[in-house]
Undergrad: 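Following this message is one structure expressed as structure tokens.
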Amino acid sequence: MTKISCRKIRDMRQTAHPFPMSTERKTLEERAQMSDIERLRHSCAHIMATAILRIWPDAQFAYGPPIENGFYYDFQMAHRVTPDDFEKIEAEMKKITKENQKFEWKGISREEAKAMAESGRLGGLSERPGNPSVFKLDLIDKIPEGEQISCFQNGDFIDLCAGPHVGYSGKCKNVKLTSVSSSFYLGDESKGQLQRLYGTAFPSKEELEAYFVNLEEAKKRDHRKLGKELKLFHIDEDVGQGLILWTPNGAVLRQELQNFIGEELRKQGYSQVFTPHIGKLALYKTSGHFPYYKDAQFPAIIEQDQLEKIAHEGCGCAEMTARLDAVSSQFASQLNERAGREIIGQDRIMDPEKLLDGFLLKPMNCPHHIKIYGSQPHSYRDLPVRLAEFGTVYRWEQSGELNGMTRVRGFTQDDAHLFCTEDQVAAEVLGCLSLVKIVLNTLGMTDYRVRVGLRDPDSSKFTGNPAQWDKAEAACREAAATLGVPFTEEPGEAAFYGPKIDFVIKDVIGREWQLGTVQVDYVLPVRFDLSYNGPDNKPHRPVMIHRAPFGSMERFCGVLIEHFAGHFPTWLAPEQIRILTISEKVDAFAEEIFAQLKEVGLRVTLNNDADKIGAKIRNAQLDKIPYMLVLGEKEAAANSVAVRHSKRGDLGVKSVADFLTEVTAEVKERKL
RNA sequence: GCCGAAGUAGCUCAGUGGUAGAGCAUCGCAUUCGUAAUGCGAGGGUCGCGGGUUCAAAUCCCGCCUUCGGCUCCA
């Protein structure tokens with residue numbers, strides 16, 4: 001049994017690796033294509049290593065590549081580097097750039113390389129008897145037979161390295177260390193911990209400074225910071241890690257988004273459904289998610305009488321687990337028969353008497369929607385059936401992986417499952433994409449790309465027949481092409497049960513976030529034995545499309561907060577208008593306007609505190625309220641409002657009627 | 001989960017063994033003011049939690065929890 005079903009969907013819905021890194025070995029040709037800035041940064045890594053060795057000669061270096069925003073070097077030594085050491089290391093690096101050392105390439109034989117590593121010379125400033133370059137020895141062994149082995153030398157430092165490098169160390173003066181952390185050698189946990197020191201470097205001082213200014217900007221828009229300042233959400237220790245409490249302001253944001261998405265779904269013929277937060281284990285045994293993804297789920301909820309029964313029997317943990325995981329022989333043979341192969345092995349079959357039953361917090365919504373589809377017979381005339389739900393799911397993400405709203409343990413997907421005929425797949429995929437496009441355009445998130453995941457032609461790791469795949473892949477490809485945004489086709493990136501389309505959205509500071517996905521699935525309809533009655537009056541298997549265009553409301557709102565830097569367009573703003581009085585002489589007039597705006601459904605508050613107008617404006621600006629209405633005696637006399645916008649400044653005096661018309665239109669049209 | 005750092009008032013932070021501090025926010029009083037901070041006063045903390053060392057712990061030691069930066073993982 002291989003991993004099944006919504007795996008990739010979930011991956012896309014939840015994952016965001018802004019800087020994906022590959023530990024795969026690059027070929028010499030690929031290395032030679034290093035860009036100028038990568039070359040510079042890679043040289044900086046060597047200079048940093050040189051500096052570290054001058055201070056701590058025992059350091060053993062592993063791997064030091066350039067990365068998206070800088071470079072790092074992994075190493076091992078007795079001293080633990082802390083940010084307090086940065087100044088010292090940077091000072092030494094500065095000396096090395098001043099020395100303007102030449103980077104010299106030297107081809108060496110495997111034997112020479114090994115000898116240099118044995119003596120500790122490789123990745124060192126001199127021979128270090130008794131301290132062989134262990135990582136370099138291992139790296140040499142990983143170089144394929146016949147490939148040129150080379151080293152680079154700058155000053156006394158010689159490193160096993162394919163290059164390329166800048167000519168002289170003098171080029172590397174605009175460099176700064178950024179952080180220190182730990183890593184595993186080649187990402188392998190069993191190989192022990194290394195220290196990883198990160199830095200960044202640019203060709204010019206201006207670019208280096210701009211990078212840090214940009215970083216500061218990024219920190220200001222961090223959704224965790226803004227979430228607190230604007231009171232959008234709260235995470236409470238006593239509730240649990242990774243569980244979002246949507247506070248009133250955040251709830252407005254989410255509700256408005258859901259209303260918007262819901263409106264579009266109705267236009268596209270979706271049916272709204274609601275399903276519970278738990279389901280019986282059998283449901284997930286059928287889908288294949290239990291017990292295979294147990295580690296990523298909250299543990300099963302076991303029924304009280306069953307718990308008592310096993311406690312009475314004196315049954316241990318291991319036995320309990322086995323009984324939970326197991327199925328009856330009838331269950332297994334049914335499923336195996338439907339699949340046409342053994343997907344549940346003999347080892348999981350147990351005497352029904354012994355089986356334990358229970359519930360699972362749902363880790364995805366598909367099985368529940370499938371059961372709704374299956375609850376009544378369908379004619380081909382009814383298809384496609386499109387079931388949508390803002391469905392909350394729970395997953396046991398590792399504690400170290402949790403992050404604000406973007407990586408959580410309970411989240412609500414803007415989920416839907418479409419059940420259609422094979423011929424309808426193309427049109428339905430297209431429909432899903434157009435929905436995404438409408439929503440992203442409305443939010444001004446225009447900087448995104450699309451990835452079409454196709455099956456790996458050289459692999460047999462996909463189920464279903466090739467003709468089906470060809471059709472579905474063509475549908476995805478064509479659908480993506482209609483979007484009018486760049487898309488890439490990535491063979492081998494499909495889920496094994498069907499091709500998919502992913503949305504990768506770039507936020508304002510250039511970070512990429514994988515949010516939604518549209519995914520064709522031929523497997524779950526089989527496992528759940530779904531059917532529809534065809535024109536030939538015979539049962540046919542529907543095709544399922546899973547789609548969650550925004551992934552989760554949590555992640556999407558997190559990205560949205562950063563996208564707008566907290567300055568939401570009026571239709572999304574938790575507080576749209578704040579009335580600010582100049583003195584209490586206009587309190588009655590202000591109350592009148594307040595009531596009038598509230599009456600038409602605008603989210604408005606009244607600030608008639610004894611503060612000066614400057615202070616009131618300042619507070620409203622800090623709260624990022626789109627509209628401020630400044631009311632004084634002049635306005636009261638003319639039944640007008642002095643309008644100030646948080647981003648556009650003073651917009652002058654308008655009649656109350658004009659303002660109302662403008663703002664209601666702005667909200668209704670969801671203007672940016 | 002792993003490595004490292006951090007956790008002091010609602011928020012941002014100061015306080016390195018000797019009576020817990022500031023600014024903002026909150027509350028009260030005065031002020032009635034025209035586009036980013038009016039003045040004065042008051043309240044507010046089991047210094048993340050639990051142990052230990054000490055005459056004495058926010059401060060030193062140990063364990064745990066949470067957060068952050070990475071790593072690993074992500075159906």
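In the text below, chain A, chain B and the rest are named by the order of the sequence lines, each starting its count at 1.
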Undergrad: Which whole-number value in Å describes the distance from Lys220(A) NZ to C11(B) P?
TA: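 Between P of C11(B) and NZ of Lys220(A): 22 Å.
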Undergrad: Is C71(B) paired to anything, Watson-Crick or G-U wobble with both distances less than 3.5 Å, and if yes, which nucleotide?
TA: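 Per the H-bond distance test, G1(B).
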Undergrad: Which part of the nucleic acid, if any, lies within contact of Ala642(A), taking any heavy atom under 4.0 Å across all strands shown: a base, the sugar-phosphate backbone alone, or nothing?
TA: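 The answer is base, as Ala642(A) lies within the cut-off (heavy atoms under 4.0 Å) of a base atom.
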Undergrad: By nearest nucleotide on RNA chain B, pick out whichever of Ala615(A) and Val180(A) is the more 5' one.
TA: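 First, find each residue's nearest nucleotide; the 5'-ward one identifies Ala615(A).
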Undergrad: Check this for me: Trp56(A), atom CH2, are more than 12 non-hydrogen atoms of other residues, nucleotides or ligands nearer than 6.0 Å?
TA: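 Yes, because the 6.0 Å sphere around CH2 of Trp56(A) holds more than 12 heavy atoms from other groups.
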Undergrad: For Leu215(A) and G69(B), give me the distance from atom CG to atom C1', rounded to whole Å.
TA: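 The distance from CG of Leu215(A) to C1' of G69(B) comes to 13 Å, rounded to the nearest Å.
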Undergrad: According to the Watson-Crick and G-U wobble definitions, with both distances under 3.5 Å, which nucleotide is paired to U16(B)?
TA: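 Looking at the geometry, U16(B) pairs with no nucleotide.
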Undergrad: What's the CG-P distance between Asn619(A) and U38(B), to the nearest Å?
TA: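 Going from CG in Asn619(A) over to P in U38(B) covers 9 Å.
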Undergrad: Out of U66(B), C73(B), U38(B), which nucleotide sits closest to the side chain of Arg407(A)?
TA: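 Per side-chain heavy atoms of Arg407(A), the pick is C73(B).
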Undergrad: Between C74(B), U38(B), A36(B), spot the one nearest the side chain of Asp611(A), thanks.
TA: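 So the side chain of Asp611(A) is nearest to U38(B).
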Undergrad: Could you please name the option among C11(B), U32(B), C73(B) that lies closest to any side-chain atom of Ser583(A)?
TA: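 From the listed options, U32(B) comes nearest.
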Undergrad: Is it the case that Arg41(A) places NZ or CZ above or below the six-membered ring of Phe71(A), under 6.0 angstrom from the centre and within 45 degrees of the axis?
TA: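 Verdict for Phe71(A): no cation-pi partner in Arg41(A).
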Undergrad: Atom CG of Asp609(A) to atom P of C33(B): distance rounded to whole Å?
TA: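 Value for this atom pair: 16 Å.
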Undergrad: Give a yes/no answer on whether the side chain of Arg224(A) brings an N or O atom under 4.0 Å of OP1 or OP2 in G69(B).
TA: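 Answer is yes, contact under 4.0 Å.
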Undergrad: Determine whether Asp611(A) and Lys616(A) satisfy the following criterion, salt bridge (Lys or Arg N to Asp or Glu O under 4.0 Å), listing intermediate values before the conclusion.
TA: CA-CA 7 Å; Asp611(A) 285 330; Lys616(A) 292 185 187 182; over 6 Å; no
Undergrad: Give me the distance, rounded to whole Å, that separates G15(B) from U59(B) when you measure between the C1' atoms they each carry.
TA: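 Pairwise C1' distance, G15(B) against U59(B), rounds to 9 Å.
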Undergrad: What contact category does Lys585(A) fall into here, base, sugar-phosphate, or nothing, at under 4.0 angstrom with non-hydrogen atoms?
TA: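 Answer is sugar-phosphate: Lys585(A) comes under 4.0 Å of backbone atoms only.
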Undergrad: Using both distances under 3.5 Å as the test, list the Watson-Crick or G-U wobble partner of U54(B), or none.
TA: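 Across all strands, not a single nucleotide pairs with U54(B).
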Undergrad: Mind checking who C40(B) pairs with, Watson-Crick or G-U wobble, both distances under 3.5 Å?
TA: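 Looking at the geometry, C40(B) pairs with G28(B).
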Undergrad: How long is the line joining CG of Asn607(A) and P of G34(B), in whole Å?
TA: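 That distance rounds to 16 Å.
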Undergrad: Partner lookup for C33(B), please. Criteria are Watson-Crick or G-U wobble with both distances under 3.5 angstrom; report none if nothing qualifies.
TA: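 Checking every strand shown, C33(B) finds no partner, since no pair has both distances under 3.5 Å.
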Undergrad: Please measure how far the P atom in C47(B) lies from the corresponding atom in A58(B), and state the result in whole Å.
TA: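 Those two atoms are separated by 7 Å.
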Undergrad: Could you tell me whether the phosphate oxygens of C3(B), OP1 or OP2, come under 4.0 Å of any side-chain nitrogen or oxygen in Gln195(A)?
TA: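 Looking at the OP1 and OP2 atoms of C3(B), neither is under 4.0 Å from any side-chain N or O of Gln195(A).
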Undergrad: Should the pair Asp325(A)-Lys294(A) be classified as a salt bridge under the 4.0 Å nitrogen-to-oxygen rule?
TA: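 Salt bridge between Asp325(A) and Lys294(A), a charged N being under 4.0 Å from a carboxylate O: yes.
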Undergrad: Taking atom C1' in both G34(B) and U38(B), compute the distance separating them and give it to the nearest angstrom.
TA: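 Going atom to atom, C1' in each nucleotide, I get 15 Å.
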Undergrad: Using whole Å, report how far CG of Leu622(A) lies from C1' of G10(B).
TA: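 The distance from CG of Leu622(A) to C1' of G10(B) comes to 16 Å, rounded to the nearest Å.
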Undergrad: Which comes earlier along RNA chain B counting from the 5' end, the contact point of Asp650(A) or that of Val81(A), where each point is its nearest nucleotide?
TA: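 Its nearest nucleotide being more 5', the pick is Val81(A).
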Undergrad: Across the strands shown, which category fits Lys634(A) at heavy-atom distances under 4.0 angstrom: base, sugar-phosphate, nothing?
TA: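 Base contact.
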Undergrad: Side-chain N or O of Asn403(A) versus OP1/OP2 of U67(B): is the shortest distance under 4.0 Å?
TA: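 The answer is no; no side-chain N or O of Asn403(A) sits under 4.0 Å from OP1 or OP2.
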Undergrad: Measuring from the side chain of Ser181(A) (C-beta onward, heavy atoms only), which nucleotide among G69(B), U35(B), C71(B) has the closest atom?
TA: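 Given the options G69(B), U35(B), C71(B), the side chain of Ser181(A) is closest to G69(B).
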Undergrad: Would you indicate which nucleotide in G69(B), U31(B), G70(B) comes nearest to any side-chain atom of Arg196(A)?
TA: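 In terms of side-chain proximity for Arg196(A), the closest of G69(B), U31(B), G70(B) is G70(B).
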Undergrad: Scan every strand shown for a Watson-Crick or G-U wobble partner of C11(B), both distances under 3.5 Å, and answer none if you come up empty.
TA: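 Pairing partner, where one exists within any strand: G23(B).
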Undergrad: In whole angstrom, give me the gap between the C1' atoms of C55(B) and A42(B).
TA: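 Between the two C1' atoms, the distance is 36 Å.
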Undergrad: In the structure shown, which nucleotide is the Watson-Crick or G-U wobble counterpart of G63(B), with both distances under 3.5 Å?
TA: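 Pair assignment: G63(B) / C49(B).
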Undergrad: Distance check needed: G34(B) P versus Glu584(A) CD, whole Å only.
TA: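 So the two atoms are 15 Å apart, to the nearest Å.
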Undergrad: Run the salt bridge (Lys or Arg N to Asp or Glu O under 4.0 Å) check on Arg407(A) and Glu554(A) step by step: do they pass?
TA: CA-CA 8 Å; Arg407(A) 193 75 186 267; Glu554(A) 284 74 8; over 6 Å; no
Undergrad: Strictly by modelled atom types, are Gln413(A) and Asn365(A) linked by a side-chain donor-acceptor pair under 3.5 Å?
TA: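 Judged by distance alone, the side chains do pair up.
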Undergrad: At 4.0 Å (heavy atoms only), tell me whether Ile617(A) reaches a base, stays on the sugar-phosphate, or touches nothing.
TA: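 Result for Ile617(A) = base.
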Undergrad: Taking atom P in both A57(B) and A25(B), compute the distance separating them and give it to the nearest angstrom.
TA: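 Going atom to atom, P in each nucleotide, I get 36 Å.
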Undergrad: Before accepting this row, confirm whether a basic side-chain N of the pair Asp650(A)/Arg644(A) lies closer than 4.0 Å to the acidic partner's carboxylate O.
TA: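 Between Arg644(A) and Asp650(A) there is no salt bridge, as every charged N stays at least 4.0 Å from the carboxylate O atoms.
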Undergrad: Report the nucleotide, chosen from U66(B), U35(B), C74(B), that has the shortest atom-to-atom distance to any side-chain atom of Glu237(A).
TA: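 For the Glu237(A) side chain, the nearest candidate turns out to be U66(B).
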Undergrad: If you measure from the P atom in A22(B) to the same atom in C65(B), how many Å do you get, rounded?
TA: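 Rounded to whole Å, the distance is 35 Å.
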Undergrad: Closest to the Arg644(A) side chain: U35(B), G1(B), C71(B)?
TA: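 Looking only at heavy atoms from C-beta outward on Arg644(A), the closest nucleotide is U35(B).
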Undergrad: Are Glu662(A) and Lys654(A) ion-paired here, with the side-chain N under 4.0 Å from a carboxylate O?
TA: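 Between Lys654(A) and Glu662(A) there is a salt bridge, with a charged N closer than 4.0 Å to a carboxylate O.
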Undergrad: Expressed as a whole number of Å, how far does the C1' atom of U32(B) sit from that of U16(B)?
TA: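 Between the two C1' atoms, the distance is 50 Å.
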Undergrad: Rounded to whole Å, how long is the line connecting atom CE of Met77(A) with atom C1' of C3(B)?
TA: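 Rounded to whole Å, this separation is 14 Å.
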Undergrad: For Gly614(A), report the nucleic acid contact type (base, sugar-phosphate, nothing); a contact means any heavy atom under 4.0 Å.
TA: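 Sugar-phosphate, no base atom in range.
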Undergrad: Would you measure the distance from the C1' atom in A6(B) across to the matching atom in C74(B) and give it in whole Å?
TA: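 Those two atoms are separated by 26 Å.
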